[in-house]
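Notes follow once the structure below has been shown.
Hydrogens, waters and symmetry mates play no part in the numbers below; they use all other heavy atoms, side chains included. Protein chains get the first letters and strands the later ones, always in sequence-line order, with residue 1 at the start of each.
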Amino acid sequence: MSLPLPADALRKSIFAAKERHGIALVPYITAGFPTRAAFPSLLRTIAPHAAAIEVGVPFSDPMADGMTIQNSSRIALQNGATLRWIIDQLASIAEEPLPPRVLMSYLNPLMSLGGERELAEACVRASVSALIIPDLPLEECGGLRSTLNARGIGLVQMATPITPAERLRGLISSCDGFLYAVTVTGVTGGSTPAGTPTSAPGSPAEYLRRLRSLASPANLPVCAGFGIRTRENVGVLAGLADGAIIGSALIDALSSGHAAGRDAGSDAGNFLTSLRS
Amino acid sequence: MSIAPIINSPAASGLSPTLPPAPANPREELAKLLDGRYPDARGRYGPFGGRFVPETLIPAITRLEQVAREAFNDTSFLDELSMHQRDWIGRPTPLCHAANLSKLWGVDLWLKREDLAHTGAHKINNALGQALLARRLGVQRIIAETGAGQHGVATAAACARLGFACRVYMGAADVERQAPNVQRMKRLGAEVVPVESGDRTLRAAIDEALRDWVSDPMGTHYLLGSAVGPHPFPFLVRSFQSVIGREARAQFHERTGRLPDQAYACVGGGSNAIGFFHGFLGDERVELFGVEAGGHGDKPGEHSSTIARGRPGVLHGCYSMLLQDENGQIIDTHSISAGLDYPGVGPEHSFLHHIGRVTYIAASDDDAITGVRSLCRHEGILPALEPSHAIGAIARLAPSLKGKSILVHLCGRGDKDAPILQAHGV
């Protein structure tokens, strides 16, 4: 596409950061955590480290999330973070030179805006480049994706280590911005209930190589997520993925900073710096 | 059952936060359900149902659907199922005339005695059926959620009999109020994990079981006990529970020469009711009533009347009626009975409500206590608090029901409720 569409800008931003730093970082924050007041300034604080920022809409029943994001979501909801508030906040900083914003939400809060058209228009107002909806499967996403695409907004698809090859091709052909590679079978943060086995066959390296070989003809970057916590993790991924999504570990850094009475944003910034150095 | 291929072309989701207009031809919609066109290839019952799950679960639910289809067409599977139903569960369960309450209330009251099934509730029908499917899936391990503990006990028993490791997630609040069932699960060899997150009841237990399943979707089977969740679960649960309605209809007809005027079942997620109603859906003259938990008030947080007071949304993998706030956050619920204390309801119930085939009403905590007292004192039966909602509703409505023949699904026995009953002076 020739128009500078938001979803295309997201894709280019990740490839550019990959080029510059060896791997792009995509930090995730739960909007409204640790406080509502911190939200816009937190976006500015992490912006220099980020090829894109994933903004999480808190939900009462986050079934794909581990303890860390369950807790940040619960606190954000207690703080009164609603989707309408998040859209308003993002709209208020839409003109600032920030990296592309990607909104991550379960379906039910998104539906509360009324319908697909209302949701897409809210994304335009908030300058959101793409949506990630973990409980919207490929088979059900077509209507929403065309509504979003008509306004230049993308829908990010998630792949997992147990997704069959044929289905991966289907996901990639319906995916915008980047392909979200879930690196483990499990919840975010890599934490699973104690004593739970795992289904993932083969090595993560093999899996990521397979994804990139399928995604690169579509010119789609692959960003790995779930359980990426350290500089070593990021270093290993640099040869295997275009980007690394940093969620639970960043929320943990924010939590400890906030609990110690420090400016949580600076803890977040320091943590992201530590992933690169 | 319609089978979805693992790749479908992306289609419009058709999800709306408000109830779609009632179908122009409800009779045709019911026919689609009865002849198997619903659930359709996307797991929908009209607009309701579907499979809204993280990508990690798609291979597992697709495999489950395929294995279930093969099993339902395999006479060796069906023969083994009915052997266990007869010898281990004790089927058929009896139909019992409630002569004293009939006289007292001026109606002709009958009870389908699922409280007499092995482990004391209807839950065993589905636990057995899915555990047999789990053997065909080739998994090593079974997990389950439980509210009142009846599904946990049933799953623990089925796992003991069929040789599976078993873990049961139970809300911490329910662990406290249904203590007798926690001991039973442990005695049967299950590991019981109290869930401290979320609302600490059934809803949090399902969240946590789904998180476990996401970690090992191919080696673990999630034995879901309510008629909720992503397709094919609502269909599987209904299929294994339909034996209740089939038996009840034949027994009632044999005893009375006719069918009941009305049939009642309690509805939380709706597993007992969907199996019971399926015996009568095609009998136009049998009025069907689903009884939801009215709790102790009409305000959010005081009840679990999902169909009466909710609006459509997506929770736990399906699109159905849901108690939620204006921002799409799920609302905490209340019911005196842990088994009905849930903010969602099975998609097939939302469908039956939408086409007007089943009427959904509410009975309060107090109605449920009345129901327990009535059955204890007049019929010598200690019912679970869940079906006592249906009995209590009939007690309250009795003046307008004079002369009607009424069949109630007594889906479980009340031993588990001893701590709650004691606290209410029963």
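- Interface residue P58(A): only backbone heavy atoms are found under 4.5 Å from chain B.
- Checking M185(B), E191(B), K186(B) one by one against V168(B), the side-chain contact (heavy atoms from CB on, under 4.5 Å) holds for a single residue, M185(B).
- There is a side-chain donor-acceptor pair under 3.5 Å between T30(A) and S72(A).
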**Prompt:** So E54(A) and C223(A), side-chain contact (heavy atoms from CB on, under 4.5 Å) or not? Walk me through it.
**Reply:** CA-CA 12 Å; E54(A) 200 186 318; C223(A) 293; over 6 Å; no
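- The aromatic rings of F39(A) and W85(A) sit tilted relative to each other, their planes meeting at an angle between 30° and 60°.
- Taking the six-membered ring where tryptophan is involved, the planes of F233(B) and Y222(B) are tilted, since the angle between them lies from 30° to 60°.
- None of T306(B), I206(B), D199(B), T201(B) except one satisfies the side-chain contact (heavy atoms from CB on, under 4.5 Å) rule with Y342(B); the exception is I206(B).
- Rounding to the nearest 0.5 Å places CE of M111(A) at 11.0 Å from CD1 of I133(A).
- With a threshold of 4.5 angstrom between heavy atoms, L322(B) approaches chain A through side-chain atoms but not through N, CA, C or O.
- For a residue to count as touching a neighbouring chain, one of its non-hydrogen atoms must lie under 4.5 Å from one of that chain's; by this rule L77(A) touches chain B with the side chain only.
- Options G115(A), G114(A), A64(A) differ in how many heavy-atom pairs under 4.5 Å they form with chain B, and the most are formed by G114(A).
- Proximity to chain B (any heavy atom under 4.5 Å) is shown, for P109(A), by both the backbone and the side chain.
- Of the options I86(A), I87(A), T82(A), a side-chain contact (heavy atoms from CB on, under 4.5 Å) to R84(A) is made by T82(A) and by none of the others.
- Among the candidates Y45(B), F48(B), Y38(B), the single residue satisfying the ring-ring contact (aromatic ring centres under 6.0 Å, His included) test with H354(B) is F48(B).
- Neither the backbone nor the side chain of N71(A) comes within less than 4.5 Å of any heavy atom of chain B.
- Between chain B and the options N108(A), T160(A), T163(A), the largest number of non-hydrogen pairs under 4.5 Å is found for N108(A).
- Along residues 324-335 of chain B, the residues that come nearer than 4.5 angstrom to chain A, judged on non-hydrogen atoms, are Q324(B), E326(B), N327(B), G328(B), Q329(B), I330(B) in order of number.
- Heavy-atom pairs under 4.5 Å with chain A were tallied for I143(B), T56(B), L210(B), L315(B); the largest tally goes to T56(B).
- L171(A) touches chain B through its side chain: at least one heavy atom from C-beta onward sits under 4.5 Å away, while N, CA, C and O do not.
- For the pair H221(B) (side chain) and A134(B) (backbone), a donor-acceptor distance under 3.5 Å is absent.
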